[in-house]
Amino acid sequence: MKCPYCGEVDSKVIDSRPTEDGEKIRRRRECLHCKKRFTTYEIVETVPLMVVKKDHSREVFDRQKLLNGMLRACEKRPVSYQQLDEAVSRIEQQLLNSYDREVTSIHIGDLAMQELKKMDDVAYVRFASVYRQFSDVNTFMEELKDMLDTRSKSAEK
């Protein structure tokens with residue numbers, strides 16, 4: 001690490017500790033040439049996750065955008081912000097663990113629907129109606145029928 005005072009590249013680490021958020025390592029260093037001390041921060045290098053949209057355009061994955069969509073679906077429903085934040089974290093972790101640097105918006109929407117289905121049926125249907133762009137009442141009713149069939153099968157077990 002180059003000394004900010006004299007430009008020498010040789011320094012030694014005096015102290016290392018994680019930052020409060022645990023996302024970085026703070027290192028106190030001492031220049032071996034001028035003996036002045038300075039602080040550096042070490043972070044994990046991440047490759048951004050790219051979302052391939054339906055029109056084939058690409059944008060960087062935005063966690064907040066996903067959370068906002070799920071929040072809208074859960075409006076006036078008994079689902080806490082913490083539950084949604086944890087669901088978005090699970091989705092984000094699943095995407096990052098896949099090692100694919102590009103993921104389709106369709107896949108993200110499917111993961112969001114899976115999470116919402118576990119939390120609240122109404123929120124799930126709201127999200128699905130926007131996400132799947134139901135063209136008419138019949139397709140909407142088919143989705144509801146599938147959901148009710150799944151529920152009755154799981155109740156039988």
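As the structure is a computational prediction, the values presented were derived from the model and not from experiment.
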- line: Heavy-atom nearest pair, Tyr124 first then Met113, reads CD1-O, 3.3 Å
message: If we count only N and O atoms by modelled type, under 3.5 Å, do the side chains of Arg28 and Ser16 hold a donor and an acceptor together?
response: no
message: Checking Leu49 against Val60 for the side chain to side chain contact (heavy atoms under 4.5 Å, CB included) test, could you report, in this order, the C-alpha distance in whole Å, the side-chain angles of both residues, the deciding distance, and whether it holds?
response: CA-CA 6 Å; Leu49 184 62; Val60 175; over 6 Å; no
message: Let me confirm one number: the CG-CG distance from Leu66 to Leu71, rounded to the nearest 0.5 Å.
response: 9.5 Å
query: For Asp120, which of Gln83, Arg126, Arg77 qualifies under side-chain hydrogen bond (donor to acceptor under 3.5 Å, both in side chains)?
result: Arg77
- prompt: Does a side-chain heavy-atom distance below 4.5 Å link Phe61 with Val103?
  reply: no
message: Using the rule given for side chain to side chain contact (heavy atoms under 4.5 Å, CB included), can you reason through Ile14 versus Arg29, listing the C-alpha separation, both sets of side-chain angles and the distance that settles it, and then say yes or no?
response: CA-CA 5 Å; Ile14 297 169; Arg29 296 178 176 270; over 6 Å; no
message: Taking Lys53's backbone N and O only, do any of them form a donor-acceptor pair with Ser57's side chain (distance below 3.5 Å, no angle check)?
response: no
message: Within this structure, what is the CE-CG distance for the pair Met1 and Asp10, rounded to the nearest 0.5 Å?
response: 12.5 Å
- prompt: Less than 4.5 Å apart, any side-chain heavy atom of Met70 and any of Met119?
  reply: yes
query: Hey, does Gln64 have a side-chain heavy atom less than 4.5 Å from the side chain of Val88?
result: no
task: Could you please spell out the steps behind the salt bridge (charged side-chain N to carboxylate O under 4.0 Å, His left out) verdict for Glu8 and Lys2?
output: CA-CA 6 Å; Glu8 187 67 33; Lys2 191 184 215 181; over 6 Å; no
query: Under 4.5 Å between any side-chain heavy atoms of Val13 and Thr40, yes or no?
result: no
field: Distance, nearest 0.5 Å, that separates OG of Ser89 from CD of Gln94
entry: 12.5 Å
message: Can you tell whether the side chains of Glu30 and Lys36 come within less than 4.0 Å, N to carboxylate O?
response: no
- prompt: Do Tyr41 and Thr19 have side chains that get closer than 4.5 Å, going by heavy atoms?
  reply: yes
query: Tell me, do Cys74 and Leu116 make a side-chain contact under 4.5 Å, heavy atoms counted?
result: yes
Among Arg26, Arg27, Lys24, side-chain hydrogen bond (donor to acceptor under 3.5 Å, both in side chains) partner for Glu42: Arg27
message: Counting only heavy atoms from other residues, nucleotides and ligands, does the tally under 6.0 Å from NZ of Lys118 exceed 12?
response: yes
query: Does Asp15 have any side chain to side chain donor-acceptor pair (under 3.5 Å) partners at least two apart in sequence or in another chain, and if so, which?
result: Arg17
message: The test is side chain to side chain contact (heavy atoms under 4.5 Å, CB included); show your working for Ile108 and Thr104 and say whether it passes.
response: CA-CA 7 Å; Ile108 295 171; Thr104 64; over 6 Å; no
- request: Would you check if Ser11 and Cys3 make a side-chain contact, meaning some heavy-atom pair closer than 4.5 Å?
  value: no
message: Between Arg90 and Glu115, does any side-chain N to carboxylate O distance fall below 4.0 Å?
response: yes
message: Surrounding CD of Gln82 (heavy atoms of other residues, nucleotides or ligands, distance under 6.0 Å), is the total greater than 12?
response: no
message: Quiz question: by atom type and distance under 3.5 Å, do the side chains of Asp110 and Gln114 form a donor-acceptor pair?
response: no
